[in-house]
S.K.: 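A single structure is presented below for examination.
Computed over heavy atoms, backbone and side chain alike; hydrogens, waters and symmetry mates excluded. Chain letters run A, B, ... following the sequence lines, proteins first, then strands; residues in each count from 1. This structure is a prediction, so every number in the text was calculated from the model and none was measured.
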2 protein chains.
Amino acid sequence: MSGDERRRVILQAAVELFSQHGFKGATTKEIAKASGVSEAMLFRHFENKDALYEAIIETKGCRESATKFAWDNDEALIKAIAEKDDAAVFYRLGFTILEKQQSNVPFMRLLLYSALEEHDLAERFFHEFVERVYEFIGGYIAKRQKDGAFRKVKPRLAVRALLGMLLHHSLNNILWDKSGVLLKISNDEAAKGFADILLNGLNAKEA
Amino acid sequence: MSGDERRRVILQAAVELFSQHGFKGATTKEIAKASGVSEAMLFRHFENKDALYEAIIETKGCRESATKFAWDNDEALIKAIAEKDDAAVFYRLGFTILEKQQSNVPFMRLLLYSALEEHDLAERFFHEFVERVYEFIGGYIAKRQKDGAFRKVKPRLAVRALLGMLLHHSLNNILWDKSGVLLKISNDEAAKGFADILLNGLNAKEA
DNA sequence: CTCGCATAAGTAAGTGCTTACTTACCGAAG
DNA sequence: CTTCGGTAAGTAAGCACTTACTTATGCGAG
């Protein structure tokens, strides 16, 4: 196997294990074993454990999706924003964030760990992600408030609400995968439901 | 210092460190040092690390508040439920959950870690907490739907939304305490804001 | 009051195992 | 014969947990 190939295999195994056990919890021995090489090989490809973690975050599927979200290329989202179709906007936003969990990087788990563990890199990663979401969604909410379409709620509080729903949903589905005790809700249904709740609330429309 | 006193001191230090670094991340050496005794003393008071963790969860301020929530004694909540004052109900629920963070046990952090770490005890703890919340709040929502006061949204989805807001809010405030980068929102304001969003949504009332 | 002694509170210095990381070496391809 | 992908066998430090031992604290009998 060539160097580049091996590197990718190691990264893939590392992502899996870091997102499962966190930075501290995942061991280099495990990662090496999971990628089918000796620990020594791992340390030839990556200077140390930190460098390995950094490489994951710098990875296309992670940092880029954390900061850019590929939102720029989401036609459904662009169309929804242009048409001021709020339900579609929030649905697309939620869905694309949630689906990252399913993609090559178990994004949400990595994100939650990075918020808890005291690791500079991880913390910066979390902050960048959250800030970016606040900017994007918060900006949209503020705009719609100016339009008179949204009530005057602190945009940041609304973002915190939406992001919280999504994070908690991911957390629950992760746990569901492990134990099957909790309720499984599909990402699609959750994204739709959260968008609906966020926009219309629980109160029945007054006649 | 008497045995019981010492035990309490150790528990206090352990709570602090477990909630900061997680179960794996906190070391018995650190915990012993933080409580001003040798490691050997720690292991005289608690059979092993697991037993120490278990003792914390069994603690009044933790398991009981996780499963009972002291909601039975919250007069403001009981009154709000009786009067079907939904805004007050959700505000009280949110506020009491959030305030646990401030109390003797940094509840939310412990909860988040327990959701991520692969530790039977921790997982059970998280499940119990979440199930209990789903039952209580979900039950209330279902009832209000029957009253015709709430729209037909899956109760569990609504609970997931509310709990998610609260968890994420705690996570942000934790990180704020550490870095000061994120927006600090008081628990009171957050609980009020989330209750409002959950009930009324963002959409401006249609004329 | 105090002596004797059991018991609880405490420690220093380990145990064996795991951790991140290293060194010294090997075989094949260019 | 060097360079690259690879390994076996380390190392020092850190982990949960123990051992062997010392001090403090009751507390009933004399």
Side-chain angles (χ1 to χ4, degrees), chain A residues 1-58 110 113-114 116-123 125, chain B residues 1-58 110 113-114 116-123 125:
Chain A
M1 201 182 281
S2 84
D4 266 18
E5 275 176 278
R6 187 98 285 170
R7 207 185 130 96
R8 239 173 299 137
V9 169
I10 295 173
L11 270 173
Q12 194 51 46
V15 162
E16 192 82 17
L17 289 162
F18 279 141
S19 68
Q20 230 171 88
H21 309 294
F23 179 79
K24 281 180 216 156
T27 70
T28 51
K29 195 178 178 180
E30 274 179 331
I31 294 169
K33 197 180 165 193
S35 38
V37 287
S38 65
E39 257 184 291
M41 256 339 271
L42 190 156
F43 284 104
R44 173 159 309 181
H45 282 286
F46 301 93
E47 200 185 341
N48 51 35
K49 204 183 173 186
D50 270 345
L52 181 56
Y53 191 79
E54 192 160 12
I56 287 170
I57 291 181
E58 294 300 342
L110 218 53
Y113 260 120
S114 73
L116 286 171
E117 289 190 314
E118 312 206 303
H119 189 283
D120 286 353
L121 218 56
E123 243 164 80
F125 169 52
Chain B
M1 201 182 282
S2 85
D4 267 17
E5 275 175 277
R6 186 99 287 170
R7 209 185 127 95
R8 241 173 299 136
V9 169
I10 294 173
L11 270 174
Q12 194 52 45
V15 161
E16 192 81 18
L17 287 162
F18 278 141
S19 68
Q20 231 171 86
H21 308 295
F23 180 78
K24 283 180 214 155
T27 69
T28 50
K29 196 177 176 180
E30 273 180 332
I31 294 169
K33 198 181 165 191
S35 38
V37 288
S38 64
E39 253 185 295
M41 259 333 274
L42 189 157
F43 284 104
R44 174 157 310 179
H45 283 287
F46 301 93
E47 201 186 339
N48 50 35
K49 205 184 173 185
D50 270 345
L52 181 56
Y53 191 78
E54 192 159 12
I56 287 170
I57 290 180
E58 295 298 342
L110 219 53
Y113 259 121
S114 72
L116 286 172
E117 290 190 314
E118 313 207 303
H119 189 283
D120 286 353
L121 218 57
E123 243 165 81
F125 169 52

S.K.: Round to the nearest Å and state the distance from B/His45 atom NE2 to D/dT18 atom P.
M.R.: 15 Å
S.K.: To 10°, what angle do the rotation axes through the five end pairs on each side of the helix from C/dC1-D/dG30 to C/dG30-D/dC1 form?
M.R.: 10°
S.K.: OP1 or OP2 of D/dG6 versus the side-chain N and O atoms of A/Arg44: is any pair under 4.0 Å?
M.R.: no
S.K.: Could you list the residues that satisfy side chain to side chain contact (heavy atoms under 4.5 Å, CB included) with B/Lys33, not counting sequence neighbours?
M.R.: none
S.K.: Can you check the A/Leu42 CG to C/dC21 P distance for me, whole Å?
M.R.: 10 Å
S.K.: Take the protein atom CE of B/Met41 and the nucleotide atom P of D/dT23, then report the distance between them rounded to whole Å.
M.R.: 16 Å
S.K.: For each nucleotide in nucleotides 8-16 of chain D, reading 5' to 3', give B when a protein heavy atom comes within less than 4.0 Å of its base, S when such contact involves only the sugar-phosphate, and - otherwise.
M.R.: B------SB
S.K.: Can you measure B/Leu52 atom CG to D/dC17 atom C1' for me and round it to whole angstrom units?
M.R.: 13 Å
S.K.: Side-chain donor-acceptor contacts of residues 17-24 of chain A below 3.5 Å, not counting sequence neighbours, with atom names and distances?
M.R.:
residue : atom : partner : partner atom : Å
A/Ser19 : OG   : A/Val15 : O            : 3.0
A/Ser19 : OG   : A/Glu16 : O            : 3.0

S.K.: How long is the straight-line distance from OG1 of A/Thr28 back to CD of A/Glu39, given to the nearest 0.5 Å?
M.R.: 4.0 Å
S.K.: Which atoms form the tightest heavy-atom contact between A/Ala55 and A/Arg7, and what is the distance?
M.R.: CB-NH2, 4.2 Å
S.K.: Find the distance A/Glu30:CD to C/dT18:P and express it as a whole number of Å.
M.R.: 12 Å
S.K.: When the distance from NZ of A/Lys33 to P of C/dT19 is rounded to whole Å, what number comes out?
M.R.: 12 Å
S.K.: Taking only residues two or more places apart in sequence, or in another chain, which ones meet B/Glu47 in a side chain to side chain contact (heavy atoms under 4.5 Å, CB included)?
M.R.: B/Ala51
S.K.: Not counting sequence neighbours, which residues clear salt bridge (charged side-chain N to carboxylate O under 4.0 Å, His left out) with A/Glu123? List them please.
M.R.: B/Lys178
